Structure formats: structure tokens, C-alpha cells
Amino acid sequence: YVGTCGRIFFRPTVSGKIEARARYRDWDGTSRLVQATARTERAAERVLKAKLLDRADVDCRSGAVNADSLFRDLGDYWLEDLRTEGRVAQRTLENYEWVLRKVVLPAFGDLALREIGVARCDRFIKTLAKKSYSRAKQARNVLRSALGLAVRHEVIPRNPVDGTARLHKPPHIPDAMTPAEVEAVRFAVGYWELGLSQSGPKPDGQLSVIIEIMLGTSARIGEALALRVRDADLTGDPATIEIAGTITNVKGKTAYRQDHPKTARSTRVVAIPSFTVRAVKRRLAQLEDQSPDALLFCSRNGTQLATNNVRRQLRHVLKLAGIEGVTPHSFRRAVATEVNNAANVELAAELLGHADPKITIAHYVRRDHTVNPITAQLLEESFAPEGWRPE
């Protein structure tokens, strides 16, 4: 059978050591001679078996887990496989691990893999969905991916999550700030930056510039904080800002600048309005480091700003003004809504860096329930009573 080892033989070497050798049938079906050398037969056998175990490590059944293993063991093996593969971003990996530990393992951790069937998975996901659709979706993805690894390694014959009922997303209508509400936020931040408020940390003038950049580019908060001096071209006609990075927060580490935005499509050069140009010029005048790679926004110690700290500062300022429910992403939704209303959703999606306009419609554009008034004229022409003359 594939993965099996023949009888181990020993023989002395010219150097006086003992060589242990055996034939091992690899996963391509070919039997190969594997050998190891040590001072004694027992030591040589131990080294040889370690080599054979390494060769068999690609097989879950003989290595990490089997059908009788607990799901928690598969979970650990799955996370390690994701780290080894290296295709998942660190923040995403941290989120997967949190969902696995806090949501999935309490329900499946002590079950053997052979005990996990469609009915159990279906009941778990439906129960979770009653409380939170997004949490149920995350848990379903983690459960499906982990069990998918077991299927690929032939530990279980099929993935039970594939047979579960489809999750139905509850209706969601995006909300976005109106221009008047944006102006109220501007006023509140401006009042705070004048130093007229006695509460909270001393303002440094950066928050208002960050807001103007998000309003003028649709940038996410991490993308705005990752802007460098070189990314702003204020001499061109029109002036532009290149969004080519983001600030990433990794658990247990300080925030750092990532050399690409959230997705490859998110890298873009955006023409900016005059109010954003004015704000960027104001910020450049405050910067001590004017080198091309210098960050446009930084702490008093010269380090990059963390997104969570900016969110916390914005909440504090708006709370003082009695404004609730505004987050950095609110500006992105406001931009999407206004561009969609003035032009079309395709242009809004391009500005936001979305590959599919459906994402823009579903999550960013505030819907206008007003029907085009031309319908009144059309109906007037078609259905007005005979001899009717409008007043």
C-alpha cells in the first residue's frame, strides 16, 4: 500500500556506525530505499523512522488526524496549513482563528470527525443565524474550509457543510450621510480642532484633513492613513492622489503600512476636488519630514497612526457634538451615494475600487425612493380624461 514501509535491515558502515535501511512506498506509488546512520542499531532505527514519518507527513491519515480524531485537532492542523500556504492575509488568519476558537469549537471541538454529519452542521448554522447572519456566515466558512482539508486528505469521504441549507441574508438598506450631515461633522471637528473644547486629547489638526481626503477620494480609513508625500500630486491638472497602500493592525504587533490596499483592484489614482487639495496642502505645510516616502499622517513620535485610534478620536469628537452613528466608513458610503446619484453606479464602483458594482449597490449606495417625476407627464398624456384641460 502507498505509505507503507518494508522490513528494516541493519549493516555496519566503513566508519564503524550502523546503517538502518528500508523500502518505503511513496505517494507516487514508487518504492524507494530510505536509510539513516547512527552509532547504534536502536539510534539508527529511531532516525530512520523519523525520516519515514516526514515522508508520510502529507497524509493526514497517518500523520496529523484521522477519522477518529477530534475536530479541535483538525482545527489546529487547518490553521497551520493556512499559515504554511501563506496565501491568507494575517488579519484574515486572525479572524479565522477567533471564529474557530470562540464559535465553532464550543459546538464541534470534542466530536470525532466521523461523527460530524450534515444534520449537525445544518442545525448549528441555523441556530447561529437566528442571532447573527454575519457570524453564521463566518462560522460556516471556517467549518467548511476545515472539513474541506479533511476531505482533500481523504480522512472523510465528503464535506457535510456542502449539504446544509443555504443562508438567507436579511434585507439591508445602506444608509449614508447627506451633504448637510457631512457639513455638521465638519463643523464639529473644526470646533474641536480650534481647541475650544476642554475635553479629550489636544488636537493636532490631522483629523479634519483625514476626513477631507476620505470625502475627496472614497479611501478607506487605512488607505487614507497609509498615504505618503509622493502619493499626492497637487501640481497636475487635475490634482490626484494615488491609493496604493493601507495601514494594517496585527494582533500583538504595532500597526504597519502594507504596500497594497485591501484588494488589487483597490489600487487607483483618483482626481481630487479643490477642498481635498486645500486640506492636503495644509497638512504638507505642517510636516517636518517632506521626503517622498514620509507618511502624510503620523503620531507625535513620528510613527504611523493606528486606524483604531483614529476611529476612537472621531467617536469622541462627535459625541461632544451630539452626533451618533458616524464612522470613517460613513464617508465612503456618502461618496458612493452622491456619485451614483449624479452619474451612475459603475462610476461609483470604479471610484471605490470595487470589482463588481453589485457590492457598491448592496453595501454603499443609499437608495432614493423618489420615482422620476417624468412618469406624471407620461401618465397625463396617456390617461387624462377626454376634453380635460389642466388648470
Side-chain angles (χ1 to χ4, degrees), residues 82 85-96 99 133-142 144-145 148 161-162 166-177 210-211 213-228 230-233 238-250 255-273 276 307 311 327-368:
L82 290 179
E85 194 175 41
R87 292 197 302 167
V88 178
Q90 182 62 32
R91 284 293 301 276
T92 304
L93 192 60
E94 289 176 2
N95 184 56
Y96 283 166
V99 174
Y133 167 83
S134 61
R135 186 56 49 80
K137 183 179 178 181
Q138 290 174 331
R140 186 183 191 277
N141 290 341
V142 166
R144 185 178 186 276
S145 182
V161 180
D162 291 341
R166 181 182 175 184
L167 273 173
H168 294 282
K169 187 175 182 179
H172 168 70
I173 300 177
D175 191 20
M177 292 186 292
I210 293 169
I211 289 174
I213 286 178
M214 290 191 294
L215 283 171
T217 64
S218 80
R220 302 172 177 90
I221 179 61
E223 294 169 345
L225 298 183
L227 291 175
R228 301 162 297 185
R230 68 163 69 202
D231 296 327
D233 180 7
T240 61
I241 282 180
E242 181 178 11
I243 300 172
T246 189
I247 296 298
T248 299
N249 299 292
V250 178
Y256 69 93
R257 186 185 187 277
Q258 179 177 281
D259 288 332
H260 59 85
K262 183 179 179 181
T263 65
R265 179 68 183 266
S266 296
T267 301
R268 57 207 187 275
V269 177
V270 180
I272 54 176
T276 302
T307 56
R311 288 190 180 95
T327 68
H329 227 59
S330 300
F331 301 102
R332 190 165 159 84
R333 286 194 289 270
V335 169
T337 297
E338 294 306 313
V339 173
N340 173 73
N341 292 343
N344 52 63
V345 71
E346 286 75 18
L347 183 59
E350 183 180 347
L351 179 61
L352 269 65
H354 289 159
D356 189 345
K358 291 180 181 178
I359 300 173
T360 314
I361 295 172
H363 301 287
Y364 290 89
V365 174
R366 184 187 66 243
R367 296 173 189 172
D368 186 356

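Heads up: numbering here begins at 1 and tracks the sequence. In this text, all values refer to a predicted model and were calculated from it rather than measured experimentally.
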Are [X] and [Y] close enough that some pair of their side-chain heavy atoms sits under 4.5 Å apart?
{"X": "L351", "Y": "V335", "result": "yes"}
{"X": "N340", "Y": "T360", "result": "no"}
{"X": "T267", "Y": "I243", "result": "no"}
{"X": "T337", "Y": "Y364", "result": "no"}
{"X": "R144", "Y": "D162", "result": "yes"}

Is it true that a side-chain atom of [X] and a backbone atom of [Y] form a donor plus acceptor pair closer than 3.5 Å?
{"X": "R257", "Y": "A226", "value": "yes"}
{"X": "R333", "Y": "V365", "value": "no"}
{"X": "E223", "Y": "R220", "value": "yes"}
{"X": "R332", "Y": "L352", "value": "yes"}
{"X": "E85", "Y": "R87", "value": "no"}
{"X": "R268", "Y": "S266", "value": "yes"}
{"X": "S330", "Y": "T327", "value": "yes"}

Apply side chain to side chain contact (heavy atoms under 4.5 Å, CB included) to the pair I241 and V269, showing each step before the final yes or no.
CA-CA 6 Å; I241 282 180; V269 177; over 6 Å; no
(message) Using the ring centroid of each side chain, check whether H168 and Y133 are separated by less than 6.0 Å.
(response)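 No, ring centres 6.0 Å or more apart.
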Subject >> Taking every non-hydrogen atom, the tightest pair across A271 and P238 >> reply: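 Between these two residues, the closest heavy atoms are CB-CG, 3.7 Å.
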>> N95: which residues meet the side chain to side chain donor-acceptor pair (under 3.5 Å) condition with it, sequence neighbours left out?
In response: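 By the side chain to side chain donor-acceptor pair (under 3.5 Å) rule, N95 matches no residue at all.
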Checklist line | Under the side-chain contact (heavy atoms from CB on, under 4.5 Å) test, residues paired with K358 that sit two or more places apart | finding: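 For K358 the side-chain contact (heavy atoms from CB on, under 4.5 Å) partners, ignoring immediate neighbours, are D356.
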Open item on the list: Can you list everything that forms a side-chain contact (heavy atoms from CB on, under 4.5 Å) with R230? Sequence neighbours excluded, please.
Closed with: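 So R230 forms a side-chain contact (heavy atoms from CB on, under 4.5 Å) with R228, P292, D293.
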> When you look at L215 and T276, which way does the side chain to side chain contact (heavy atoms under 4.5 Å, CB included) test go after all the steps?
Replying inline: CA-CA 8 Å; L215 283 171; T276 302; 5.7 Å; no
| task | To the nearest 0.5 angstrom, please state how far the CZ atom of R91 sits from the OH atom of Y96. | result |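 Interatomic distance, R91 CZ to Y96 OH, rounded to 0.5 Å: 13.5 Å.
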Exercise for the section: Apply side chain to side chain contact (heavy atoms under 4.5 Å, CB included) to T217 and I272, showing your working. Expected result: CA-CA 6 Å; T217 64; I272 54 176; 3.6 Å; yes
